[in-house]
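Per chain, numbering begins at 1; letters A, B, ... match sequence-line order.
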Number of protein chains: 2
Amino acid sequence: MLIEIDYNSNEALYLQVCNQIILGIATSRLSEGDELPSVRAMADSIGINMHTVNKAYALLRQEGYVKVDRRRGAVIAVSNDRIGAMEDLKEHLRIALARSRCKNISREEVHRLIDEIYGEYDREQEGSV
Amino acid sequence: MLIEIDYNSNEALYLQVCNQIILGIATSRLSEGDELPSVRAMADSIGINMHTVNKAYALLRQEGYVKVDRRRGAVIAVSNDRIGAMEDLKEHLRIALARSRCKNISREEVHRLIDEIYGEYDREQEGSV
DNA sequence: CCTCTGTTATATCTATTGTATAACAGAGGG
DNA sequence: CCCTCTGTTATACAATAGATATAACAGAGG
């Protein structure tokens, strides 16, 4: 899977890598059991340091998106800790929705936006694998 | 309005201040025209440095939640740049929903969560002012 | 004039981020 | 058995962000 780094973004490099892989899983461009490139290969291909990729992989493992074999490297393996994920999402939404509520974005508009994003996920899903 | 700092959080102090004020506006504990304490008074009351509060206020101004008079200090004044707010929300949701989708949280559950959070906003709204 | 406001300029310290070089242990292939 | 690849760890270094501290400035008002 292609990872693209935005150097103009104020988001840390290792988080960009992390998030793009999670997006890859959500859109089924990456599936359970798929192997990620080695930290060195990934670092080479996107032109950043090995340790930065290693930090991203370690975070992905900690958050339950990959498991790591000594030989196979990082393998997509999503743990289903639904309760924790639900709490994390709620905490994020609490502040994100507060911002949009201040800006007069209605609950219905948020619902529509959710559906729109899920639509994007499904659309990307078809053109892959 | 009472601001509470969580020193165990990994969120920056100035962001905690910023977010709690935005939550205050969303729940109508703060209303258009209300004056925030001066940066020095706020810093004193929550036990942090003046510059940290100043950074929070500057960010609130930049994101369009307050205006600043030389004499009155920071005053709640929400700009309604709906388009920008919508884009920001979408960008945040794209990655947040990807995470929850990986953890098998359904679109319907997200919709329910949205309503639940809006319920919290409305409930807090009644017991204030 | 004195006081309060946000703002700015320094300086200092710590933590985070990113890069760099190097080495280690385990697993597999020739 | 050796060579190579894997993640992992240990350093070191530079740059940036976060938080504190002291100090001063200009504007507005009593």
Side-chain angles (χ1 to χ4, degrees), chain A residues 1 3-22 30 33-79 95, chain B residues 1 3-22 30 33-79 95:
Chain A
M1 200 190 79
I3 304 284
E4 283 187 356
I5 296 298
D6 176 11
Y7 284 97
N8 295 328
S9 169
N10 52 350
E11 198 176 29
L13 298 186
Y14 76 97
L15 285 179
Q16 289 190 40
V17 173
C18 199
N19 287 339
Q20 287 190 39
I21 290 171
I22 291 173
L30 291 171
D34 283 358
E35 299 178 8
L36 293 176
S38 78
V39 290
R40 294 176 232 270
M42 170 76 84
D44 261 24
S45 81
I46 59 186
I48 64 176
N49 191 271
M50 182 204 79
H51 292 93
T52 306
V53 177
N54 193 49
K55 193 169 181 177
Y57 281 18
L59 186 56
L60 285 170
R61 191 191 54 178
Q62 186 190 319
E63 293 188 349
Y65 294 99
V66 304
K67 282 187 177 173
V68 152
D69 271 337
R70 189 49 94 154
R71 186 56 181 170
R72 298 180 64 203
V75 180
I76 305 294
V78 180
S79 72
I95 172 63
Chain B
M1 200 188 81
I3 302 286
E4 283 187 357
I5 296 298
D6 177 10
Y7 284 98
N8 295 327
S9 169
N10 51 353
E11 197 176 30
L13 298 186
Y14 77 96
L15 285 180
Q16 290 188 40
V17 173
C18 199
N19 286 340
Q20 289 190 39
I21 289 171
I22 291 174
L30 291 172
D34 283 358
E35 300 178 8
L36 293 177
S38 76
V39 290
R40 295 177 230 270
M42 171 77 83
D44 261 24
S45 80
I46 59 185
I48 64 176
N49 191 272
M50 182 204 80
H51 291 92
T52 307
V53 177
N54 193 47
K55 193 168 181 178
Y57 281 19
L59 185 57
L60 284 170
R61 191 191 55 177
Q62 186 190 320
E63 292 187 351
Y65 295 97
V66 304
K67 282 187 177 174
V68 154
D69 272 337
R70 188 49 93 158
R71 186 59 180 168
R72 297 181 63 203
V75 179
I76 305 293
V78 180
S79 72
I95 173 61

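In this structure, the CD1 atom of B/I5 is 14 Å from the C1' atom of D/dT20, given to the nearest Å. Atoms CD1 (B/I46) and P (D/dT20) sit 9 Å apart, rounded to a whole Å. Taking atom CE of residue A/M50 and atom C1' of nucleotide D/dT8, one finds them 8 Å apart after rounding to whole Å. The distance between atom CD of A/Q16 and atom C1' of C/dG18, rounded to the nearest whole Å, is 13 Å. Atom CZ of B/R61 is separated from atom P of C/dT5 by 17 Å (rounded to the nearest Å).
Residues B/V75 and B/E35 share a closest heavy-atom pair of CG2-CG, 4.2 Å.
In this structure, the side chain to side chain contact (heavy atoms under 4.5 Å, CB included) partners of A/D34, at least two apart in sequence or on a different chain, are A/L30, A/S31, A/I76. Scored by the side chain to side chain contact (heavy atoms under 4.5 Å, CB included) test, A/D6 finds A/N8, A/S9, A/Q16 as partners (sequence neighbours excluded).
Contact annotation: B/N54 side-chain N/O to C/dG6 OP1/OP2 distance is not under 4.0 Å.
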How does protein reach along nucleotides 25-30 of chain D, written 5' to 3' as B (base within reach of a heavy atom under 4.0 Å), S (only sugar-phosphate), or - (no contact)?
-B-B--
Expected string for nucleotides 13-19 of chain D under the B/S/- scheme (protein heavy atoms, under 4.0 Å, primed atoms plus P, OP1, OP2 as sugar-phosphate) is -----SS
When the side chains of residues 45-65 of chain A are checked against the rest of the protein, which donor-acceptor pairs come out under 3.5 Å, sequence neighbours left out?
from  : atom 1 : to    : atom 2 : distance (Å)
A/S45 : OG     : A/M42 : O      : 3.1
A/N49 : OD1    : A/H51 : N      : 2.8
A/N49 : OD1    : A/H51 : ND1    : 3.0
A/Y57 : OH     : A/P37 : O      : 2.7
A/E63 : OE1    : B/R99 : NH2    : 2.8

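Counting only Watson-Crick or G-U wobble pairs whose defining distances are both under 3.5 Å, the stems of 3 or more consecutive pairs in DNA chain D are C:1-30 with D:1-30.
Considering only side-chain atoms of B/H51, the nucleotide from D/dA21, C/dT5, C/dT7 that sits closest is D/dA21.
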